[in-house]
2 protein chains.
Amino acid sequence: MTSSPSGRRAGKSSLSAVASRRVERPAPLRQAVYDALLELIVSRTLAPGQHLVEAELAEYLGVSRQPVREALQRLQTDGWVDLRPAQGAFVHTPTEEEADQLLAVRSVLETYSAKLAAEHATTQDVKQLKRLQKAGEDALAAADAERLVQANANLHAAVAAIGRNKVLAEMIGLLDRRVRWYYTPIARPHSRDSWNEHAELIAAVADGDAERAGEVMRRHAEQTRQTYHNRKNIENN
Amino acid sequence: MTSSPSGRRAGKSSLSAVASRRVERPAPLRQAVYDALLELIVSRTLAPGQHLVEAELAEYLGVSRQPVREALQRLQTDGWVDLRPAQGAFVHTPTEEEADQLLAVRSVLETYSAKLAAEHATTQDVKQLKRLQKAGEDALAAADAERLVQANANLHAAVAAIGRNKVLAEMIGLLDRRVRWYYTPIARPHSRDSWNEHAELIAAVADGDAERAGEVMRRHAEQTRQTYHNRKNIENN
DNA sequence: ATACAGCTTTTGGTATGCAAAAAGCAGTTC
DNA sequence: GAACTGCTTTTTGCATACCAAAAGCTGTAT
């Protein structure tokens, strides 16, 4: 009785009081493998074009081939690796064409996301946005590029979340991460101006002005798109 | 020599003459399983909420558990099933909230897609669109609901393809299919009016008028959204 | 050089086993 | 008779082992 780790029943008994208690089931191993591999790819430890041998990854991560296979397949559908039949997985090599297409779609979705945010934002939400913006300002002052990138991602994710459209938020999250990865060699998030635009955006959201929020976001996105587009060469070193 | 199935080399030998020959590597089995399961889900042979037991599916399809597992995981990322840790796969049950979010995102993306199509369409492309429209008209005249749905999907896919943005086209394809599935019980694609709008759309694309094409598509999408939204009840029988 | 004949590596799949979690079934208690 | 408790069965998630066939890499003969 004492040794048993207590109830594991999941039925509809009278939990009333504990109803909100998160069950927190253990995430499958393949998820951990997915995260680990994604980290290796994003950090360029695994270079674009590189052949990923299942057995090697499995040994490196201390697991069997199966979870590695499953993680690789999810990485493919998310656009991080290419799975060539009978040849295996290769770290995806971004092309300029694809990068531009990604930026274009992201621009459209983020514009809509900003509109939704303006329509749904509570005062709480606005407060949070301002906190995130301040975090970015701090990183900017400290000239901490890493933190700035993160702050930028957080802010955009927060805007998407405020829009209350999960489908949209998830799509934006993926697109954002891919876009950032594509351009990491040349990114150095365009510093000062970019953050001034964020201030504008937050103001529009706070006013509940959907049209203006959308327009600001569109300008913001299109401008980054131009910035990238000018530096034609994506250096995949 | 005779028994060996001839060359399988894929290197850069002097194929000059045959360079364009598609190598056509055999699609992995998991892809076939994915298709089969998706078909079963879309056709409602597997009902929303139903628990999918790997072993059963494997036996039914005549394969082992592994390809089934992999197919199920891709089905999850595409939104067709839910994978609960340590419990397995359940056919996804659409909620009204999610359906509306999906429709909203689709509306935004299709609007952009129409704009792109108007900017890129060649006379060839326009011809093809008109062919597809005619196919729809025929189905409408024959009162063949099944074919009408297919014609509708084809037309939208064609518009997306003309836009020359693969990322966008793929997203729209998935969204479209999910949306249609969500509403299959009540869909009966809104017949006559809907196809008149298609004619308008094609005209705008033919004129290369991006703004108009986008506007027409937005109206079209928003109108379907309203149509669905009115019939509140999603019957998941 | 070029084409061909092995040899090796890697995939994609099969079969099997197993710990641990979940679901189901009792039986017991109040 | 409703709820807790313990036991059994089912199912997942992963490991291990094995194999055919494809892809890649030689070297060798032409």
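This is a predicted model, so every value here is computed, not measured. The sequence lines fix the lettering, A, B, ..., with proteins before strands; numbering per chain opens at 1.
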Practice task
Using a cut-off of 6.0 Å, state whether more than 12 heavy atoms not belonging to B/Glu59 lie near its atom CD.
Solution key: no
Does [X] come within less than 4.0 Å of [Y], counting only side-chain N to carboxylate O?
X       : Y        : value
A/Glu54 : A/Arg69  : yes
B/Asp35 : B/Arg30  : no
A/Glu98 : A/Arg178 : yes

Which nucleotide, [options], lies nearest any side-chain atom of [X]?
X       : options                : value
A/Val53 : C/dG13, D/dC14, C/dT10 : C/dT10
A/Pro67 : D/dA15, D/dA22, D/dG13 : D/dA15
A/Arg65 : C/dG12, C/dT14, D/dC14 : C/dG12

Practice task
Using only side-chain N and O atoms of B/His51, determine if any of them is under 4.0 Å from OP1 or OP2 of D/dT11.
Solution key: no
Handout entry: Phosphate OP1/OP2 of D/dG13: any B/Arg69 side-chain N/O under 4.0 Å
Key = yes
Figure out the [atom1]/[atom2] separation between [X] and [N], and round it to whole Å.
X       : N      : atom1 : atom2 : result
B/Leu72 : D/dT11 : CG    : P     : 14 Å
B/Gln87 : C/dA21 : CD    : C1'   : 9 Å
A/Glu70 : D/dG13 : CD    : P     : 8 Å
B/Glu56 : D/dT12 : CD    : C1'   : 13 Å
A/Glu54 : C/dT9  : CD    : C1'   : 13 Å
B/Arg84 : D/dT12 : CZ    : C1'   : 13 Å
A/Leu57 : D/dC14 : CG    : P     : 16 Å
A/Gln66 : D/dC18 : CD    : P     : 17 Å

Exercise for the section: Indicate, with a heavy-atom threshold strictly under 4.0 Å, whether B/Leu83 touches base, sugar-phosphate, or nothing. Expected result: nothing
Exercise for the section: Quick one: label A/Arg30 by what it contacts on the DNA or RNA (base, sugar-phosphate, nothing), any heavy atom closer than 4.0 Å. Expected result: sugar-phosphate
Problem - A/Ser64 vs B/Gly88, nearer the 5' end of DNA chain D by closest nucleotide - result: B/Gly88
Handout entry: Which residue lies more 5' along DNA chain D, comparing B/Ala89 with A/Ala86 via nearest heavy atoms
Key = B/Ala89
Problem - Check: A/Arg74/A/Gln31 side-chain N/O donor and acceptor closer than 3.5 Å - result: yes
